[in-house]
Amino acid sequence: MFITVLLDCIRKINSERSISSIYHLLTGKRSAQTLQDAHLYQLENYFGIYKTITRDELASVIKQLERQKCIESNQNAETAQISVVGKGLLDDASIFLELTGFNGMKYENISSHLEQRLLLLIQTITNIEARNNRFVAIVEDVGTQQFVKEIYNTMKNRRREWLRGLFKEIHSFLRTIPQNQASIFVDRLTGYDQFGLSKEQLAQKYQVSKHDIAVTLQLIIHKLLTFLLNETKNSLYLSTLIKDYVEQTFITNSAAETLNLFQRGYNLEQIMSIRKLKESTIHDHLVEIAYADADFNIEPFVTKDSFVEIARVIDELDSRKLKVIKQHLNENYSYFQIRLVMAAMQSHHKRGSELS
Amino acid sequence: MNQLETLLEKHFSLSTFRKGQKEIIQDLLAGNDVLGVLPTGSGKSLCYQLPAKLLDGVVIVVSPLISLMIDQVKQLRANGFKEVVALNSFLDRSMKKKVLNNLQQYKLIYLSPEMLQNKFLIERLSRLHVSLFVVDEAHCISQWGHEFRPDYLKLASTIELLGHPTILALSATATPDVQQDIVKHLHAKKMIKHIYPMDRDNIAFAVEQFDHIDDKLNYLVDLLKNYPVPTMIYFSSRVWTEKAAEVLTSKLPHQRTAFYHGGMEQQDRILIQQQFMADQLDIVCCTSAFGMGIDKANIRLVVHFHLPTQLESFIQELGRAGRDGKSSVSLVLLAPNDDVLPKMLIDSELPDPSVIKPIIHHLQNQGQTVDNQVEVIMEHFNVNETQWRFLRYQLEKQGMIVDNQVITNVEKIEEVMKMIIDLIRRRKNYKQEKLDELLEWSVNKQCRRKGLFSSFQTTVGQPKYACCDVCDFRFTDWEPPIERKSEFSSLNWEEQLKQVMMQGD
């Protein structure tokens, strides 16, 4: 599973970004560059799905892929390109199906909360139901403990009802996902006197790598989130675990500030002087905003006609190399304009596919 | 039933004292200073927790083990003892302020040693009526102890500032030399010593020699095949714990084996530890990171695949066996070059003297705060965190670093350098001697029990089962209680989910 994710990243990035950009993507780095790359290469789904991986671990998997001739990397191993063998692996339809369900950009900020809260809530209710008030919490995070305590206090006299309700909802969710994923999910749960398996133990039991387990657990949680958001009425118990969830708009704080000024009618020069920032920085912000918001009006910077022309060249060339695109447009447009069009195209495309 | 027992029952829901507890508490209540040396897991903390309930005024506990301290506070609160607080550097500013302004409401205050430097806190404490001052891990006061803490040297003056309350010094590992040091540094000449032997009569000792390190693993496989008992196996490297767990899992399919080390995610660490506690695991291959707060009663076998760097740690680790008093074994496996790893560990704890001067020069040339340069220094001069902490502490102590800045006095550099280099040499020698002591014990052909505890106590007790492989112990004679294990779960996920979530049909 992890290898397919990596291959998918490498194929889409196509040597135009470094391997470390994949590291930033997987660990969910909140920088303008990482967010833009995620949009640009349509890798939003993988944003932040593996926050605990280290650079060394990623490097060693990349090396392994190279040895298996799935990818070819350049001399300094800074960038990599997918090989025929690697493409063959990805083209298998079943593998592509396997990757469906990730939604990192949308769920990144809630998924680990949901996972931790659910684990702790089940441990808490089952232990107290078994009259064991003194148990070692498997989640140490104070915020999570606080959250679960609050929920518990509202339902402590209805424990059986809650256990039954949670069980039914989890059960019906697990029936919507592949059997082995359901099985991994259940093995991870801790109840009374029965502790869940660690990632290493799961890896051993299912004969996959630790990385596979890490991303599979994330995938399951993403699927659970989609299930909860679509079927809120049929998942009243589980939904309390995400009651504080609000969909995040994914722009950096600095870009948000620029957007605020822009919406209040300030022009580019004025924003530059108010914020004491360089023009290029403000440009970065505007591109970032265009990626995040399909309704963002880019006409002050690119006229309708220019948009059509630039978009046509981008489509024709099927490349994201700005320099090449600029040349094909006879140097008539700035990098900023081209980037803005790319962003707008993508966010329109994305909205279109969400609606369909 | 005696009055103290009644109070114990009332406040802690326990019906009897463990060995030593009652004697120590009686002395403390009579106002005598006490030095208590009790083996790990014998319930040292009750010796001050019960007096905290009984005495007027407040009990102060100084302990360097912050996580243990936080655990204890949590446990006490969960059991209804609410007038307790832990003050340490992890507490955030506003909380600290709140606590400091309401100190009089507590019966039991835990302090980390660095808090002793906080003049404001000491001033506040001196306004209270302190009835008992507890020094936990008291061996840290001695330069000869294996965990010397410079902050502990300030304890005597703190005790004086607090108007000489009764003192309780506690340790699980204090040789007579160290015991003397404790009495001396705490200025407590009349201290009554309660020394309880550290040898445990239900643990037998064995050492096995091999020609090659791989033979150790083969031996273990055969041994554990015959004795499927709860087992801990100590290694000195993370890689080895994983490798051994893999081999044991494949060769012993009917026993549940896992590894544990400090490089694992926190949640996975908790899961493994709790599985072992709940008898969901039989064998844990671990580094010394495993064990803090492990109080599993039925560990039958503690194996040292690698030896630690000193007797004290070894005794502490093997002491996790047989807390329930039943027949248990400590087994050490030796192979050629076993001393290489611990030597490397010792070396890695102290900086190479040749980097000191360049580091000082670097700091002077940069003209920035020391904090700003930590990463650069560690990377550029190849210094690890432990080494840097040592170096920085020494440079601050010698006045080379003042207020986060390096001073530029050229003459002083040479003098300080000499001192630090000399200190490193002495520390290394001392640690090397400690290691040699343990290595020597492992190859010596005299009674293991006597050899191990001779520096802590004059005699050893009569073993309950067997003594050691030199005296009388053979694995073939060993008859540990073997508990019937729950079967491996072969439920499908739906059945298992029902079970976890208590949904019977």
Side-chain angles (χ1 to χ4, degrees), chain A residues 51-52 54 112 115-116 119-120 122-123 125-127 129-130 133-141 144 159-160 162-171 174-175 177 179-205 210 213-214, chain B residues 13 67 70-71 74-75 77-80 90 92 95 238 241-242 245-246 248-250 253 256-261 263-281 284-285 293-295 486 488-504:
Chain A
K51 292 191 177 167
T52 54
T54 64
S112 73
E115 183 191 19
Q116 297 294 301
L119 290 174
L120 186 58
I122 292 175
Q123 187 193 17
I125 307 182
T126 53
N127 270 279
E129 185 62 21
N133 291 340
R134 298 194 52 192
F135 57 92
V136 179
I138 55 162
V139 178
E140 284 192 329
D141 175 61
T144 308
R159 285 197 304 268
R160 289 225 176 131
W162 265 70
L163 262 178
R164 184 83 193 141
L166 285 171
F167 166 76
K168 276 188 168 167
E169 290 173 9
I170 292 173
H171 185 256
L174 290 178
R175 290 184 64 141
I177 66 175
Q179 291 288 304
N180 76 317
Q181 289 180 9
S183 185
I184 288 173
F185 180 85
V186 175
D187 275 336
R188 183 77 169 160
L189 298 178
T190 292
Y192 165 65
D193 227 20
Q194 181 174 346
F195 288 88
L197 298 187
S198 71
K199 285 183 188 152
E200 281 91 358
Q201 288 175 317
L202 288 170
Q204 197 178 39
K205 178 169 175 181
K210 184 182 99 182
I213 291 295
Chain B
S13 314
S67 57
I70 293 169
D71 266 4
K74 246 194 280 178
Q75 257 180 38
R77 288 223 177 110
N79 290 335
F90 287 104
D92 71 62
M95 258 312 268
R238 292 174 181 179
T241 63
E242 299 192 10
E246 199 185 319
L248 293 178
T249 303
S250 71
R256 298 157 298 184
T257 305
F259 62 85
Y260 180 105
H261 57 64
M264 288 159 55
E265 281 175 36
Q266 181 62 9
Q267 188 160 31
D268 286 342
R269 287 165 68 169
I270 299 174
L271 288 172
I272 298 294
Q273 188 169 327
Q274 294 307 317
Q275 287 173 14
F276 190 53
M277 296 289 287
D279 292 327
Q280 238 174 285
L281 274 176
V284 177
C285 301
I294 280 282
D295 199 7
S486 52
F488 277 86
S489 138
S490 56
L491 303 175
N492 67 33
W493 70 260
E494 287 186 286
E495 292 163 337
Q496 200 184 328
L497 182 67
K498 268 187 187 166
Q499 198 183 56
V500 171
M501 302 198 66
M502 305 167 118
Q503 301 296 312

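Here the structure is a predicted model, which is why all the values come from computation and not from measurement. Residue numbering restarts at 1 for every chain, and letters A, B, ... go by the order of the sequence lines. Heavy-atom basis, side chains included; hydrogens, waters and symmetry copies ignored.
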Starting at OG of A/Ser198, measure out to CZ of B/Phe259 and round the result to the nearest 0.5 Å.
7.0 Å

Quick check for you: to the nearest 0.5 Å, what is the distance between B/Leu271 atom CG and B/Tyr260 atom OH?
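Answer for the CG-OH pair, B/Leu271 versus B/Tyr260, is 10.5 Å.
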
Contact origin within [X] toward chain B - heavy atom pairs under 4.5 Å:
X        : answer
A/Ala130 : both
A/Gln201 : side chain
A/Asn133 : neither
A/Arg159 : neither
A/Ile125 : neither
A/Ile138 : both

Is a side-chain donor or acceptor of A/Ser183 paired with a backbone partner of A/Gln179 at a separation under 3.5 angstrom?
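No, because the side chain of A/Ser183 does not come within donor-acceptor range (under 3.5 Å) of the backbone of A/Gln179.
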
Check whether B/Glu495 reaches the backbone of B/Asn492 with its side chain - one donor and one acceptor, N or O, closer than 3.5 Å.
yes

Shortest non-hydrogen contact from A/Phe195 to B/Gln280?
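Answer, listing the atom of A/Phe195 first, then B/Gln280: N-OE1, 2.7 Å.
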
Is chain A contacted by the side chain of B/Gln275, its backbone, both, or neither, given a heavy-atom distance below 4.5 Å?
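B/Gln275 touches chain A through backbone and side-chain heavy atoms alike.
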
Is chain A contacted by the side chain of B/Leu497, its backbone, both, or neither, given a heavy-atom distance below 4.5 Å?
both

Identified salt bridge (charged side-chain N to carboxylate O under 4.0 Å, His left out) counterpart of B/Asp268 within the set A/Lys199, A/Lys210, A/Arg188:
A/Arg188

side-chain hydrogen bond (donor to acceptor under 3.5 Å, both in side chains) filter on A/Glu200, not counting sequence neighbours, yields none

Among A/Leu166, A/Leu197, A/Val139, who wins on heavy-atom pairs under 4.5 Å with chain B?
A/Leu197

